Student: 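This is the structure, below, for whatever I ask next.
Atoms within each ligand, like the ligands themselves, are counted from 1 in listed order. The model shown is predicted, which means the values in this text are computed figures rather than measured ones.
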Amino acid sequence: MFVVSVSLSKSVPRDADAVIVGLTQVSGTPALVDLPSALEKDLTKRWGTSPLAVALDLGAKTKSGSTVILPTAGGVRLVVVGLGDVDVTPEQVRRAVANGVRALARLEPASPLHVVVSLDLVEPEVIKGAAEGALLGAYTYTKVGSEPDELLRVVTVVSPSTKLEAKDAVTAAVAIAAGVNQTRDWINTPANILYPETFAAAAVATSKKAKLEVEVLDEKALAKAGYGGILAVGMGSERPPRLVRISYAPRGARNHLALIGKGITFDTGGINIKPGDSMYTMKCDMSGAATVISAIQVIAELGLKISVTVYAAMAENMPSGSAQRPSDVITMYGGTTVENYNSDAEGRLVMADALARAAEDKPDLLVDVATLTGACVVALGERTAGLMASDDQTADRLLDAAEAAGEAFWQLPITDEVGDQLISKVADLRSGGHRWGGALTAAAFLQRFTDGIDWAHLDIAGPAFNEKEPYDYVPSGGTGVAVRTLVALAQSLQG
Ligand code: BES
Ligand code: MN
Ligand code: ZN
């Protein structure tokens, strides 16, 4: 695998191909931070005017998102990114650097570059943001079977700080970006290539590399243990379901976090088949599983002091002669019976089994991640994920982690009204209610399988997959949303 080397330096290395500098206001006038004076002198001599004047002439703005590339001079390109006018947050840096890198990619395709980020970064969190921005912004998913065009060869983050925390920030960024990009790759892989068996195999291979313990239940093992939800969803497909369990238990860990992910490798809707337009992107319906598998690997690589167990529920939701029907009654893992309200509400069935199993381990906190409902996208749009939780303190834990990671989550309630819709005449529970508030109904259903353990549910149906053009550090296709939040959560629960 191609690895970009990322390091910290006090100055701009000689072999730089491009230097990213920021445009901000310094006491009311625009200024370039942090353009090394030697480079500034050199460019001023060549152009007969200052690089700042050239940048402004080419339309560079201080506004976040603005990116201008100056003409090459002496083999080096200056990339001027807007940093905003007030204080610079890690997320602003992440976006600005990614925009700079993406602008370079449009200009210099297929030539691995040494990119230098020179933004006068001191605090570890902004250094981390810069390195993540470069690595996430450079991501592209290439044609099946072909080698990707690598944009980056070396990334150097220039910083006056020589503190250990600064170096650790770079190390963390490299691991986190690798986890996010792996998640993106899995999501982008078409469902005829990535299906439960091959997805589980990929989870095993990468987890073993990360020295994690991993176990796969195949359809026979699932049947033996009574995973009725996963089996019901998977039984319409020629490609049988899997449940992957991965565990990380470092010495000295006091807290135990369980992460549960929805791994529907393709969601046709089943017998309640989806119209073609809404089906087309449904290879992304395994995003939650990809996210939690990558997250535990990053957590292990960073050696965080917390026990983590992952359950990734993998199945393909297909219509066929062997598919489950709406109104079927399923006996779930743990014995609860469920009336299947709609075969397109498959996510909650596989997640309920996995949650019930995860709860048996008695973790301190359950967090599930799923592209669960279109209703959540209607409520919050395509760039904000929904968060529902057993209690507000748990919700706040997640919101704090999301804020630290720079990801957008918004809390939705689980009201009594939606819970009441889950009453069935023929089973303990019905898997859905009426049309409105569908994200809440799904959460209310999942909560029945959490055994009273603190629990948060992340509905990433909106932000998991970007159907539009790339922006900031978000590519087209799989985005890898929530990996960074889960790692930040694990960091906050260490001890
Ligand atoms: N995988 C979908 C949800 C989804 C929608 C993900 C859009 C990503 C983008 C899920 O399985 C589903 O089909 N949900 C139904 C639930 C309904 C039948 C209760 C929905 O949202 O319509
Ligand atoms: Mn569905
Ligand atoms: Zn689905």
Student: Name the option, out of Arg348, Met282, Arg435, that contains the heavy atom nearest to atom 17 (C) of ligand 1.
Tutor: Arg348
Student: Among the N, O or S atoms of Asp285, which one sits nearest to the Zn ion (ligand 3)?
Tutor: OD2
Student: Among the N, O or S atoms of Asp267, which one sits nearest to the Mn ion (ligand 2)?
Tutor: OD2
Student: Apply side-chain hydrogen bond (donor to acceptor under 3.5 Å, both in side chains) to the pair Asp428 and Thr337, showing each step before the final yes or no.
Tutor: CA-CA 5 Å; Asp428 297 334; Thr337 56; 3.3 Å; yes
Student: Which residue holds the protein heavy atom closest to atom 22 (O) of ligand 1, what is that atom called, and what is the gap in Å?
Tutor: Gly374 N, 4.5 Å
Student: So, is Lys274 polar-close to ligand 1, with some N/O to N/O distance under 3.5 Å?
Tutor: yes
Student: Below 2.8 Å, can you find an N, O or S atom of Asp285 next to the Mn ion (ligand 2)?
Tutor: no
Student: Examine Asp285 against ligand 1 and note whether any of their N/O atoms are separated by less than 3.5 Å.
Tutor: yes
Student: Identify the protein heavy atom lying closest to atom 10 (C) of ligand 1, giving its residue, its atom name and the separation to 0.1 Å.
Tutor: Leu372 O, 3.3 Å
Student: Mind checking the CZ-NZ spacing from Arg348 to Lys262? Nearest 0.5 Å is all I need.
Tutor: 8.5 Å
Student: We want to know whether Gln393 and Asp454 form a side-chain donor-acceptor pair, criterion being a heavy-atom distance below 3.5 angstrom.
Tutor: no
Student: Look at the aromatic rings of Trp186 and Phe199 and report parallel, tilted or perpendicular, splitting at 30° and 60°.
Tutor: perpendicular
Student: Which ligand 1 atoms, with their elements, are less than 4.0 angstrom from a heavy-atom of Glu346?
Tutor: 11 (O)
Student: Would you say the side chains of Ser287 and Thr371 form a donor-acceptor pair under 3.5 Å?
Tutor: no
Student: For a distance under 2.8 Å, tell me if Lys262 has an N/O/S atom near the Zn ion (ligand 3).
Tutor: yes
Student: Are the side chain of Thr479 and the backbone of Pro463 linked by a donor-acceptor contact shorter than 3.5 Å?
Tutor: yes
Student: Using a strict cut-off of 4.0 Å, indicate which atoms of ligand 1 neighbour a heavy atom of Thr371.
Tutor: 1 (N), 2 (C), 3 (C), 6 (C)
Student: Between Ser64 and Gln92, does the side-chain hydrogen bond (donor to acceptor under 3.5 Å, both in side chains) criterion hold? Intermediate values first, please.
Tutor: CA-CA 7 Å; Ser64 190; Gln92 264 172 314; 4.6 Å; no
Student: One residue to check: Asp344. Relative to ligand 1, which of side chain, backbone, both or neither has a non-hydrogen atom less than 4.0 Å away?
Tutor: both
Student: Identify whether the distance between the nearest side-chain nitrogen and carboxylate oxygen of Asp451 and Lys362 falls below 4.0 Å.
Tutor: yes
Student: Tell me, please, whether Tyr227 has Arg357 positioned over its six-membered ring: NZ or CZ under 6.0 Å from the ring centre and within 45 degrees of its axis?
Tutor: no
Student: With respect to the Mn ion (ligand 2), what is the nearest N, O or S atom of Glu346?
Tutor: OE1
Student: Within a distance under 4.0 Å of any heavy atom of Ala461, pick out the atoms of ligand 1 and give their elements.
Tutor: 6 (C), 8 (C), 9 (C)
Student: Any protein heavy-atom neighbour for atom 14 (N) of ligand 1 (distance below 4.0 angstrom)?
Tutor: yes
Student: Can you check the angle at the Zn ion (ligand 3) formed by OD2 of Asp267 and OE2 of Glu346? Round it to the nearest 10°.
Tutor: 90°
Student: Measure the acute angle between the ring planes of His457 and Trp455, then classify it against the limits of 30° and 60° as parallel, tilted or perpendicular.
Tutor: parallel
Student: Taking NZ, NE, NH1 and NH2 as the nitrogens, is one of them in Asp472 or Arg383 under 4.0 Å from a carboxylate oxygen of the other?
Tutor: no
Student: Which of the numbered atoms in ligand 1 are below 4.0 angstrom from a heavy atom of Asn342?
Tutor: 18 (C)
Student: Could you tell me whether Lys262 approaches ligand 1 through its side chain, its backbone, both or neither, with non-hydrogen atoms closer than 4.0 Å?
Tutor: side chain
Student: Return the residue, atom name and 0.1 Å-rounded distance of the protein heavy atom closest to atom 2 (C) of ligand 1.
Tutor: Asp267 OD2, 3.5 Å
Student: Does Glu125 come within less than 4.0 Å of Arg94, counting only side-chain N to carboxylate O?
Tutor: no
